[in-house]
There are 2 protein chains.
Amino acid sequence: MSTGVRSNESQEEPVSARVRAEDRECPLSTAMSYVGEWWTILILHDCFDGYTRFDQFEANIGLSSSMLTSRLKALVDSGVLVKRAYQERPVRHEYVLTDFGRSLRPILVAMAAWRNAQLAPEDRAMILVDTGTGREVEPAVIDTATGLPVSDPRFVFTAGPAAGEQMLERYRRGNGR
Amino acid sequence: MSTGVRSNESQEEPVSARVRAEDRECPLSTAMSYVGEWWTILILHDCFDGYTRFDQFEANIGLSSSMLTSRLKALVDSGVLVKRAYQERPVRHEYVLTDFGRSLRPILVAMAAWRNAQLAPEDRAMILVDTGTGREVEPAVIDTATGLPVSDPRFVFTAGPAAGEQMLERYRRGNGR
DNA sequence: CAGTATCCTGTCCGATACTG
DNA sequence: CAGTATCGGACAGGATACTG
């Protein structure tokens, strides 16, 4: 799990997302292989709100049980959740976030904040609050060095040290910048 | 476009994502209807890097031309891109980000930052840099009031003023918190 | 309740061919 | 080059039925 990618699998080998992510060696693609699916985001949302059980996910999200089974399995396989029996006879499981899974929360927050920023405060259906003060949080994605929002045009993507040929080509002179 | 949701459409009415987003009245779902697809993220990435043309997207992303056509159309319909002829005879178009489209960039940055944080600096294939200083940016999602990262457990989601029954139910006493 | 297994439909998406 | 139209296979995902 050091690379953060799905570890095992049955004998079958589908998972187009994984292949695409590695082929592209791009952090965005890798991130998409984790949070690029509706159900995954919705399940994570539930988890961040403290829900842990199959029927809770099913009720909150409203997906079919077979889909939920397969999504949960994928999340466990990829190290985002762990499945744990919390009682025997009958055996009952709970699904809880790993540290790795918790690390995804800022992405969800950024997405929710993006949408809420388009709405007047009184039109927001879900908000982030500071339990210390009770006040609504206004999240921002910033550069930790300067504190500036990353939407500032001075910040641009470019090839990193481990860039492959495709990535280098992408950032060679010639794009519209 | 004030609500940021797709405006028009041909006579046909597919777009399952839109329906789901509105039904759920959840900012995460709405965000997912915009950035929940691989191709959309990849196209946006290209746009943020200054690419504007059909063949550039095709070469960088490697998707089929028919898919690219339909993804671009969706992005134009949803107000993320505008299609503009930059020359006549033969007519050639470019696709450029609207302000609304540009507002999505922090989400992409948060995703890339999430992945890069798992890698040693020398293992990163793509990074964000400050063109002022030339240094790599370490982005963070923070609360603008306190400056604390939103990963801090004091920050939690809860129902907002416009929460509907489903959202209220979700945050009533009873989840695992 | 907590799932698993099976079926079936719609849609994603690449391949191919065509147009100005 | 910058697309559009059509075809067909693979798979996502709901509905339903079954199990301990």
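Numbers restart at 1 for each chain; the letters A, B, ... are given by sequence-line order, proteins then strands.
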| Closest to side chain of B:Phe54, choosing from D:dG14, D:dT4, C:dG14 | D:dT4
| query | Expressed in angstrom and rounded to an integer, what is the separation of A:Glu94 atom CD from C:dG3 atom P? | reply | 11 Å
| Do the ring planes of B:His45 and A:Phe157 sit parallel (below 30°), tilted (30 to 60°) or perpendicular (above 60°)? | perpendicular
Please tabulate, one pair per line, each protein N/O and nucleotide N/O from nucleotides 18-20 of chain C that are separated by under 3.5 Å, including the distance.
none

| Under 4.5 Å side-chain linkage, directly or through intermediates, the cluster mates of B:Val82 | B:Val96
| said: Tell me the interatomic distance from B:Trp38, atom CH2, to D:dC11, atom P, rounded to whole angstroms. | reply: 16 Å
| Rounded to whole angstroms, how far apart are CZ on A:Arg89 and C1' on C:dA2? | 17 Å
| said: Tell me every residue that passes side-chain hydrogen bond (donor to acceptor under 3.5 Å, both in side chains) with B:Glu165, counting only those two or more places apart in sequence or in another chain. | reply: B:Arg172
| field | Atom pair distance, as rounded to whole Å: CG in A:Asn60 and C1' in C:dA2 | value | 16 Å
| Does A:His93 make a side-chain N or O approach to OP1 or OP2 of C:dA2 shorter than 4.0 Å? | no
Under 3.5 Å, which donor-acceptor pairs do the side chains of residues 100-110 of chain A form with other protein atoms, sequence neighbours left out?
unit_1: A:Arg102; atom_1: NH2; unit_2: A:Asp99; atom_2: OD1; d: 2.8
unit_1: A:Ser103; atom_1: OG; unit_2: A:Phe100; atom_2: O; d: 2.5
unit_1: A:Ser103; atom_1: OG; unit_2: B:Trp114; atom_2: NE1; d: 2.9
unit_1: A:Arg105; atom_1: NH1; unit_2: B:Phe155; atom_2: O; d: 2.9
unit_1: A:Arg105; atom_1: NH2; unit_2: B:Val150; atom_2: O; d: 2.7
unit_1: A:Arg105; atom_1: NH2; unit_2: B:Asp152; atom_2: O; d: 3.3
unit_1: A:Arg105; atom_1: NH2; unit_2: B:Phe155; atom_2: O; d: 2.7

| Nucleotide of C:dC13, C:dT4, C:dC1 approaching B:Met67 most closely (side-chain heavy atoms) | C:dC13
| remark: Residues joined to B:Leu168 in its hydrophobic cluster, side chain to side chain under 4.5 Å directly or through other members, sorted by chain and number, are none
| Whole Å only: how far is the CG atom of A:Leu42 from the C1' atom of D:dG13? | 14 Å
| field | Minimum-distance nucleotide to A:Asp55 side chain [options: C:dA15, D:dC1, C:dA2] | value | C:dA2
| Tell me: CD of B:Glu58 to P of C:dA15, nearest whole Å? | 11 Å
| field | Check: A:Ser70 side chain, D:dA12 base, donor-acceptor under 3.5 Å | value | no
| message | Output the rounded distance in Å from CD (A:Gln87) to P (C:dG3). | response | 11 Å
| said: At less than 4.0 Å, is any side-chain N or O atom of B:Tyr86 found next to OP1 or OP2 of D:dA2? Yes or no. | reply: yes
| query | B:Arg71 or B:Ser66: which one's nearest nucleotide on DNA chain C is closer to the 5' end? | reply | B:Arg71
| request: For A:Glu138, check side-chain contact (heavy atoms from CB on, under 4.5 Å) against everything at least two apart and list the hits. | output: B:Thr144
| said: According to side-chain hydrogen bond (donor to acceptor under 3.5 Å, both in side chains), who are the partners of B:Thr146, at least two apart in sequence or on a separate chain? | reply: B:Asp143
| Intra- and interstrand pairs of DNA chain D - dot-bracket, Watson-Crick/G-U under 3.5 Å, | marks other strand | ||||||||||||||||||||
| request: Measure from the side-chain heavy atoms of B:Ser65 and tell me the nearest of D:dG14, C:dC13, C:dA17. | output: C:dA17
| Among the nucleotides D:dG3, D:dG13, C:dC13, which one has an atom lying closest to any side-chain atom of B:Thr69? | D:dG3
| remark: Sorted by chain and residue number, the side-chain hydrogen bond (donor to acceptor under 3.5 Å, both in side chains) partners of A:Arg154 (sequence neighbours excluded) come out as B:Asp130
| How close or far is atom C1' of D:dA2 from atom OH of B:Tyr51, stated in whole angstroms? | 18 Å
| said: Quick one, A:Lys83 and A:Leu72 - any side-chain contact, counting heavy atoms below 4.5 Å? | reply: no
| request: Give a yes/no answer on whether the side chain of B:Tyr95 brings an N or O atom under 4.0 Å of OP1 or OP2 in D:dA2. | output: no
| field | Cluster overlap A:Met111 with B:Ile41, hydrophobic side-chain contacts below 4.5 Å | value | yes
